[in-house]
Amino acid sequence: MATMSESTADRDVPPFRYTAQMADEIERRWQDYWEEHGTFNAPNPVGPLSDPDHPRAGAPKLYVMDMFPYPSGSGLHVGHPLGYIGTDCYTRYQRMAGRNVLHPMGFDAFGLPAEQYAVQTGAHPRKTTEENVARYRAQLRRLGLAYDNRRSFATTDPEFYRWTQWIFLQVFNSWYDPAVRKARPIAELVAEYESGARRTPDGRPWAELDPVERRRVIDDHRLAYISDAPVNWCPGLGTVLANEEVTADGRSERGNFPVFKRNLKQWMMRITAYADRLLEDLDLLDWPEPIKLMQRNWIGRSTGAHIDFPTDAGPLRVFTTRPDTVFGATYMVVAPEHELVDRLVPAAWPAGTKPAWTGGHATPREAVDAYRKFAAAKTDVERQADAKEKTGVFVGAYATNPVNGARIPIFTADYVLAGYGTGAIMAVPGQDERDWEFAEVFDLPIIRTVQPPADFDGKAYVGDGPAINSGFLDGLGVEDAKKKIIQWLEENGHGQGAVTYRLRDWLFSRQRYWGEPFPIVYDETGLPVALPESMLPVELPDIADFSPKTFDPEDGDSTPETPLSRERQWVEVELDLGDGPKRYTRETNVMPQWAGSSWYELRYLDPANDQAMVDPANERYWMGPRDERDCGGVDLYVGGVEHAVLHLLYARFWHKVLYDLGHISSCEPFRRLFNQGYIQAYAYTDERGSYVPAEEVVERDGRYFYGDKPVRREYGKMGKSLKNVVTPDEMCAAYGADTFRVYEMSMGPLEVSRPWETRAVVGSYRFLQRVWRAIVDEQTGALRVVDEAADEQTRRLLHRTIDGVRTDMEAMRFNTAVAKLIELTNGLTRLSATPREVAEALVLMLSPFAPHLGEELWRRLGHPESLAYERFPSADPALLVAESVTYPVQVNGKVRARVEVPADAAEDAVRAAALAAVAEHTAGREPRKVIVVPGRMVSVVL
RNA sequence: GCCCGGGUGGUGGAACGGCAGACACGGCCGCCUUAAAAGCGGCUGCCGCAAGGCGUGCGGGUUCGACUCCCGCCCCGGGCACCA
């Protein structure tokens with residue numbers, strides 16, 4: 001469009017019209033001005049970023065944050081900055097409303113996407129990452145976002161990840177004390193053992209343990225620990241993954257590769273210790289209810305009981321949420337992986353074994369081995385698909401029901417999961433649908449222990465009702481029966497009340513290159529040793545071959561190999577860690593993607609501090625609790641729902657550890673969360689199913705064509721491969737950044753997803769042109785503003801607009817705020833000149849949305865300073881009350897007339913006027929009822 | 001299957017229980033122009049020449065009055081998914 005008719009187009013355009021070219025010139029000029037003047041720098045209470053002379057020093061603060069981006073190689077499309085523009089409009093408004101606003105931006109630059117892009121292009125990840133960050137910065141700058149740029153960082157900066165490593169050390173060097181429900185320094189645990197206040201695991205005195213034994217005991221309590229446990233191994237990515245990174249069908253969220261369960265030594269974070277607090281403190285947060293619910297479900301707290309069922313191989317412990325139904329337990333099930341299985345299996349089938357139970361095998365050993373193989377071979381997808389058909393096999397052994405001595409068979413079946421509870425259940429088919437299904441397949445007895453209602457005609461009954469067939473529980477409701485049986489179990493040593501969680505500990509190591517190195521080395525014992533703070537940061541070495549070793553994606557038996565392990569001269573180090581110089585081996589795993597984003601909200605507060613992660617005074621000012629009931633945290637955090645569990649749960653966990661250890665005053669990182677919607681787009685495929693450029697598709701009679709070929713339309717994401725990407729750069733070139741911003745804000749409410757429509761952007765362009773024209777003469781460039789007062793009608797319109805816009809801005813209803821500004825502007829076009837009082841208020845109110853145009857017009861109106869700290873206009877209440885009111889008059893619910901009466905007219909007068917107006921419709925009949933809603937309407941009922 | 005969101009003109013969306021469709025796109029008509037584009041002005045929920053009627057996914061209910069509140073369905077999007 002830039003090449004369109006070089007001369008003719010320009011000749012007819014008035015010389016001072018607000019065009020894309022003019023917008024571009026204005027925008028660049030003001031972006032330079034803001035940068036040069038540090039206009040959006042926010043003063044800290046203490047430290048190098050403090051500034052007592054700042055116009056907002058000491059003012060009420062507001063900390064607003066966006067979820068920072070991964071700087072991917074393909075740059076931004078128009079969907080990415082939606083939330084950023086939203087927070088920018090909001091913070092610009094709040095700054096004008098008198099708040100000291102902190103609005104920073106950074107880059108989440110470690111992790112798989114950046115690394116994989118680097119691997120593809122063959123360039124070093126640091127180089128590509130730095131280029132991508134630079135490109136993102138330029139794209140965001142062009143949008144006029146008002147960040148405090150002194151506070152910007154990338155998580156890959158050594159000065160930043162030094163503190164990521166420091167936090168890891170805090171976590172490593174602490175343990176969770178359930179007695180006080182918080183993390184404590186590990187030294188206090190050592191002291192408890194030394195003094196004998198705490199018993200050692202095997203009861204020997206602490207002094208008798210050798211140093212290695214002592215270290216093992218302590219390491220078992222750390223919040224960051226090494227475990228050899230089943231993890232999600234993804235050969236296709238060459239790394240292990242956290243549970244949260246694996247999809248329901250057993251594939252990697254990134255790359256969609258198969259994931260296998262394997263036992264591997266890995267770093268874990270003891271997030272489960274915080275399960276209850278992570279759950280309880282959700283109540284303190286101003287978050288969308290669906291997000292809280294997703295976190296609650298993810299944590300998955302269940303209360304019930306552990307019950308021990310005696311067997312020949314020792315007690316079989318189960319977890320149940322329904323201990324009240326224990327009299328109805330007619331069989332037991334253990335997961336195929338359960339460690340007791342091998343000890344239970346006898347040499348031969350016992351007497352009374354039903355044929356259906358053996359799976360056709362001659363011995364229990366054969367049957368169990370075959371079933372295990374069968375279960376292990378199933379992918380998670382198959383497992384889900386088969387969920388309705390219960391499979392399993394009798395292990396050949398029996399357990400004893402502790403409440404009634406009944407001898408009940410033990411099965412192994414894959415409908416019981418090894419990873420949840422104890423990996424074993426008591427099966428109560430009468431009150432559990434899954435157990436009922438299994439009982440039907442294997443011909444097992446069913447005993448109801450809760451009396452279903454008379455009209456119940458289903459199978460398992462899971463509702464409330466009086467206990468039956470349950471001995472001393474008979475007649476009790478479910479809740480009472482639970483209490484009584486738990487008491488009985490505890491008194492008789494058969495079990496106790498218990499709580500379990502779905503949440504697992506956080507798998508924290510990755511076999512990758514592009515992540516934070518661990519500040520950990522190993523000594524000759526093979527046990528981990530923390531490096532002292534003085535050795536931070538442990539810099540990621542520059543190695544020649546940074547690509548991870550990947551494997552055949554289907555080869556679950558492969559073993560990960562870390563890129564850093566190949567760098568021997570980095571791995572082998574001699575250090576003096578207090579016992580004189582010694583040889584050590586470095587940890588060669590790196591931290592996961594989520595490490596940097598789990599605490600970055602804190603670093604914005606004090607980015608230059610090299611003595612501490614954040615100065616407590618700065619943290620207290622920006623994030624501290626407002627009162628005893630407040631958790632503190634960022635005042636507004638905006639981002640997409642896709643981070644509902646992963647990022648938000650990890651960040652909450654780290655924040656709580658830092659809080660427990662006394663480093664910060666807020667116990668939650670994000671007090672208020674707002675989920676913005678997405679900008680989506682149409683994509684088009686031809687008859688072969690390949691994508692055609694969306695830009696060139698035309699609509700004719702509701703059908704879509706690429707050239708003369710019909711194409712099929714689909715709706716979803718924007719993406720290179722879908723050939724439907726529209727970039728902010730294109731929009732800035734064609735209309736200017738201000739137009740683009742106004743368009744994104746007026747498309748709809750920020751929280752709602754909506755389709756991108758390039759041709760609709762022109763509406764916002766025309767709006768800004770009308771504003772410009774109301775103030776500047778397009779032919780001469782002279783001001784069209786006069787100092788005479790506005791007429792009454794214009795004034796009332798202005799103050800109604802101010803009132804409405806303020807309300808909308810507070811509530812982040814930017815689309816309706818823009819609509820009101822358009823109405824005000826449209827109200828000015830009938831005037832021959834614009835009164836200054838209206839022009840200035842309009843410019844100030846528009847400036848959060850179109851900041852460059854705002855600054856430019858404000859300057860032309862004669863103000864030498866930036867408007868960033870001007871007071872946002874306030875409405876005069878006297879001008880908000882209308883002089884006269886038009887009442888619609890309803891007759892039997894239908895509007896039949898309107899009457900205009902003075903605003904202060906008495907109700908009787910309104911009633912009389914209304915009745916007179918609808919005399920024709922009442923046709924002389926006496927209304928049964930007349931309702932006058934003051935200021936609203938009149939309703940006549942015949 | 002369970003749990004969340006959400007269904008309003010051709011389109012994106014407005015609307016304290018009180019005039020449904022603000023604002024914008026698109027469309028139609030006009031002005032300007034040799035012409036086109038840009039810009040500007042008018043009209044634009046549906047049916048109907050009109051009077052008028054009908055309209056917020058569907059069916060009920062509460063109310064003088066329901067997009068809004070209640071009950072029962074349908075459809076779309078998302079989350080979880082044998083969690084004992």
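Between the C1' atoms of B/G7 and B/G21, the separation comes to 16 Å (whole Å). When the P atom is compared between B/G17 and B/C28, the two are found 39 Å apart, to the nearest whole Å. Atom name P, nucleotides B/U68 and B/C16: the rounded distance is 13 Å, in whole Å. Atom P of B/A38 sits at a distance of 24 Å from the matching atom of B/A22, rounded to the whole Å. Going from the P atom of B/U44 to that of B/A51 covers 14 Å, rounded to whole Å. B/G52 and B/C4 are spaced 45 Å apart, taking the C1' atom of each and rounding to whole Å. On the P atoms, B/C75 is 37 Å away from B/C25, given to the nearest whole Å. Comparing the C1' positions of B/C46 and B/G41 gives a spacing of 26 Å, expressed to the nearest Å.
Of the listed nucleotides (B/C16, B/A38, B/C64), B/C64 has the atom at the smallest distance from the side chain of A/S939. Distances from the side chain of A/V895 to the nucleotides B/C4, B/C19, B/G39 place B/C19 closest. In the set B/C64, B/C80, B/A84, the nucleotide with an atom closest to the side chain of A/Y420 is B/A84. Taking the side chain of A/K929 as heavy atoms from C-beta on, and the options B/C64, B/A15, B/A84, the nearest nucleotide is B/C64. Taking the side chain of A/E757 as heavy atoms from C-beta on, and the options B/C25, B/C4, B/C40, the nearest nucleotide is B/C25.
As judged by a 4.0 angstrom heavy-atom cut-off over every strand, A/M937 is placed among the base-contacting residues. When heavy atoms are screened at a 4.0 angstrom cut-off, A/R770 is found touching the sugar-phosphate backbone but no base atom. Residue contacts for A/V930: at a heavy-atom cut-off of 4.0 Å it reaches no nucleic acid atom on any strand shown. Residue A/E778 is classed as having no contact, given no heavy-atom separation below 4.0 Å to the nucleic acid. A/A819 comes within contact range of at least one nucleobase, with a heavy-atom separation under 4.0 Å. Nucleic acid contact class of A/P288 (heavy atoms, under 4.0 Å, all strands): none. Backbone-only contact: A/S753 has heavy atoms under 4.0 Å from sugar-phosphate atoms and none from a base. Within 4.0 Å of A/E823, counting heavy atoms only, lie sugar-phosphate atoms of the nucleic acid but no base atom.
Judged by distance alone, the side chain of A/D777 and the main-chain N or O of A/R784 form no donor-acceptor pair under 3.5 Å. Although no hydrogens or angles enter the test, the distance criterion places no donor-acceptor pair under 3.5 Å between the side chain of A/D24 and the main chain of A/A733.
Taking 4.0 angstrom as the limit, A/S302 places a side-chain polar atom (N or O) nearer than this to OP1 or OP2 of B/A84. Residue A/N815 places at least one side-chain N or O closer than 4.0 Å to OP1 or OP2 of B/A14. Residue A/R759 places none of its side-chain N or O atoms closer than 4.0 Å to OP1 or OP2 of B/U11. Residue A/R713 places none of its side-chain N or O atoms closer than 4.0 Å to OP1 or OP2 of B/U11. An OP1 or OP2 oxygen of B/C40 is reached within less than 4.0 angstrom by a side-chain nitrogen or oxygen of A/R773. Taking only side-chain nitrogens and oxygens, A/N826 comes nearer than 4.0 Å to OP1 or OP2 of B/A24. When the side-chain nitrogen and oxygen atoms of A/R766 are compared with OP1 and OP2 of B/G39, one or more of them lie within a distance under 4.0 Å.
For A/E695, the CD atom sits in a loose shell: 12 or fewer heavy atoms of surrounding residues, nucleotides or ligands are nearer than 6.0 Å. In A/K717, the NZ atom is not crowded: 12 or fewer heavy atoms of neighbouring residues, nucleotides or ligands sit closer than 6.0 Å.
Within 90° of 0 lies the glycosidic angle of B/G9, which makes this nucleotide syn.
When each of A/F319 and A/V941 is assigned the nucleotide of RNA chain B bearing its nearest heavy atom, the one mapping closer to the 5' terminus is A/V941. Summary of the strand contacts: A/M747 and A/V761 both lie near RNA chain B, and taking for each the nucleotide with the nearest heavy atom, the more 5' one is attributed to A/M747.
The aromatic ring centroids of A/Y371 and A/F374 lie less than 6.0 Å from each other.
For the pair A/L797/A/R800, a side-chain contact is recorded, criterion being any heavy-atom separation below 4.5 Å from C-beta on. For the pair A/Y18 and A/V771, the minimum side-chain heavy-atom distance is 4.5 Å or more.
By the 4.0 Å N-to-carboxylate-O rule, A/K820 lies too far from A/E823 to be salt-bridged with it.
Secondary-structure annotation of RNA chain B gives the stems B:1-7 with B:74-80, B:10-12 with B:23-25, B:26-31 with B:39-44, B:45-47 with B:52-54, B:57-61 with B:69-73, with a stem taken as at least 3 successive Watson-Crick or G-U pairs whose two distances both fall under 3.5 Å.
The OG1 atom of A/T330 sits 6.5 Å away from the CD1 atom of A/I447 when rounded to the nearest 0.5 Å.
Side chain A/K390 to base B/C82: a donor-acceptor pair is found below 3.5 Å.
The aromatic rings of A/Y331 and A/F438 lie parallel to each other, with less than 30° between the two planes, well short of the 60° mark.
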